[in-house]
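All residue numbers in this chain count up from 1 along the given sequence. Heavy-atom basis, side chains included; hydrogens, waters and symmetry copies ignored.
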Amino acid sequence: MSDTALLWTLIFVAITVIISAWQRLGLQRDILIATIRTAIQLIAVGYVLQFIFAQEKVLYILVMLIVMIIVAAKNAEKRGRGITGVFWRILLTIAFVETVTISLLLLLNMIEPLPRYVIPISGMIIGNGMVVSGLLLNQLKRELEVSRQEIDLYLSLGASPRQAIQNTLRRAVKASMIPTIDGMKTVGLVQLPGMMTGLIIAGASPLEAVKYQILIMYSFSSSAALTSIMLSLLVYPILFNEAWQLAPRIQQQERAK
């Protein structure tokens, strides 16, 4: 893409700003800030990746992945506000799932151990983990609001916290995985995903692009399942106090809603 063509993409931003002003949505400032941040962040990442690809050193790859995991955990943490210590649990979950997934891809020779493969694919896995984590926490808080009396009843009958919250966790895990499963059902029919599109634009054979996209979609399914289940198991103990009651901070937050 030429620099001129890149500048022409600002037309889409202008259309968005005009619509926001026309409908009095008040989003003009946010749209402009997001536009500037998008350009700065992507250009900066582009230079960083160009440097890492040229060096091909494991240390640089690890640093890049650690930064990506931290940023993803911080973003997903917003969905878990009111739950103390949730950041570290998200961080551990995403890091574990990324390590397991990328290790399998490398050990089974599904991808080459090169930065240009490891970093982009890891970014998609980490990004998917971030989305799943956010969905899980958001749904879990909603389920707690609806099922608090049910949980209290189980606890009063002598159930452990795990037994009392088991149904709530199951519903939250299921809800967090639905977007990934639905995406697998419609991929190629409703849209051509990012990796496949990028490879085709870069000149790769459509069939070769399909192979990589299948790899990504299948890895997404397992990473989504691992992320949602692991995070739910790490989070539920901190929802209760030492007396096996739902922590007051969670209950107060739910009443405030």
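- The shortest side-chain heavy-atom distance between L144 and I165 falls under the 4.5 Å cut-off.
- Going from atom CZ of R116 over to atom CG of L114 covers 6.0 Å, rounded to the nearest 0.5 Å.
- In the hydrophobic clustering, where aliphatic and aromatic side chains (Ile, Leu, Val, Met, Phe, Trp, Tyr) are joined below 4.5 Å either directly or transitively, V131 groups with M130, L135.
- For residues 81-127, no residue pair satisfies the ring pair (Phe, Tyr, Trp, His ring centres under 6.0 Å) rule, not counting sequence neighbours.
- L234 and I94 sit in two unconnected hydrophobic clusters of ILVMFWY residues. Membership requires side-chain heavy atoms under 4.5 Å apart, directly or through other members.
- In plain terms, the two heavy atoms of I61 and P115 that are nearest each other are CD1-CG, 3.7 Å.
- F220 has its side chain out of reach of M184: every pair of non-hydrogen atoms, C-beta onward, lies at least 4.5 Å apart.
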L92 vs M230, side-chain contact (heavy atoms from CB on, under 4.5 Å): CA-CA, chis, key distance, verdict: CA-CA 9 Å; L92 177 61; M230 181 175 175; 4.0 Å; yes

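- Residues passing the side-chain contact (heavy atoms from CB on, under 4.5 Å) test with L49, sequence neighbours excluded: V45, F53, M64, I119.
- L155 and Y236 fall within a single hydrophobic cluster, where Ile, Leu, Val, Met, Phe, Trp and Tyr side chains are chained together by heavy-atom contacts under 4.5 Å.
- Linking Ile, Leu, Val, Met, Phe, Trp and Tyr residues whenever their side-chain heavy atoms come within less than 4.5 Å leaves M217 and V100 in two separate clusters.
- Partners of K78 by salt bridge (Lys or Arg N to Asp or Glu O under 4.0 Å), not counting sequence neighbours: none found.
- Atom CD of Q23 has more than 12 heavy atoms from other residues, nucleotides or ligands within 6.0 Å.
- Screening residues 92-110 for side-chain hydrogen bond (donor to acceptor under 3.5 Å, both in side chains), with sequence neighbours left out, gives E98-S122.
- From I102, atom CD1 reaches atom CG of L107 across 10.5 Å, with rounding to the nearest 0.5 Å.
- A salt bridge between R142 and E145 is absent, with no side-chain N of the basic residue lying under 4.0 Å from a carboxylate O of the acidic one.
- When all heavy atoms of A224 and T180 are compared, the pair lying nearest together is CB-OG1, 3.8 Å.
- Counting only heavy atoms from C-beta outward, the side chains of S232 and L136 approach each other to under 4.5 Å.
- The closest side-chain heavy-atom distance from N167 to E150 is below 4.5 Å.
- A donor-acceptor pair under 3.5 Å is absent between the side-chain atoms of K141 and the main chain of I83, judged by distance alone.
- Contact detail for S228 and V173: the closest heavy-atom pair is OG-CG1, 3.5 Å.
- The number of heavy atoms from other shown groups lying within 6.0 Å of CD (Q41) is above 12.
- In this structure, the separation between OG1 on T84 and CG on L239 is 10.0 Å, given to the nearest 0.5 Å.
- Here R24 pairs with nothing under the side-chain contact (heavy atoms from CB on, under 4.5 Å) rule; sequence neighbours left out.
- Residues passing the salt bridge (Lys or Arg N to Asp or Glu O under 4.0 Å) test with R171 are E143, sequence neighbours excluded.
- The side-chain heavy atoms of L105 and L215, taken from C-beta on, include a pair separated by under 4.5 Å.
- Here V58 sits in one hydrophobic cluster together with L62; the rule is ILVMFWY side chains under 4.5 Å apart, joined directly or through other members.
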Please set out all donor-acceptor pairs under 3.5 angstrom arising from side-chain atoms of residues 28-36, sequence neighbours excluded.
| residue | atom | partner | partner atom | Å |
| --- | --- | --- | --- | --- |
| Q28 | OE1 | S20 | OG | 3.2 |
| T35 | OG1 | I31 | O | 2.7 |

Distance-only donor-acceptor pairs under 3.5 Å for side chains of residues 203-212, two or more places apart:
| residue | atom | partner | partner atom | Å |
| --- | --- | --- | --- | --- |
| S205 | OG | L207 | N | 3.3 |

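- Hydrophobic clustering (side-chain heavy atoms under 4.5 Å, transitive across Ile, Leu, Val, Met, Phe, Trp, Tyr) groups F240 together with L231.
- Contact detail for G129 and T227: the closest heavy-atom pair is O-CG2, 3.7 Å.
- Residues V86 and V97 fall into different hydrophobic clusters, defined by Ile, Leu, Val, Met, Phe, Trp and Tyr side chains chained together at heavy-atom separations under 4.5 Å.
- Between I238 and V235, the shortest heavy-atom distance links the atoms CG1-O, 2.9 Å.
- Once rounded to the nearest 0.5 Å, the distance linking CG of L137 with CZ of R89 reads 11.0 Å.
- Taken to the nearest 0.5 Å, the CG atom of D3 stands 7.0 Å off from the CG atom of L7.
- S222 is linked by a side-chain contact (heavy atoms from CB on, under 4.5 Å) to nothing, counting only residues two or more places apart in sequence or in another chain.
- S133 OG to N138 CG: the interatomic distance, rounded to the nearest 0.5 Å, is 12.0 Å.
- With S219 contributing its side chain and I216 its backbone, the two residues share a donor-acceptor pair below 3.5 Å.
- Pairs engaging residues 3-43 under the ring pair (Phe, Tyr, Trp, His ring centres under 6.0 Å) rule: none recorded [sequence neighbours left out].
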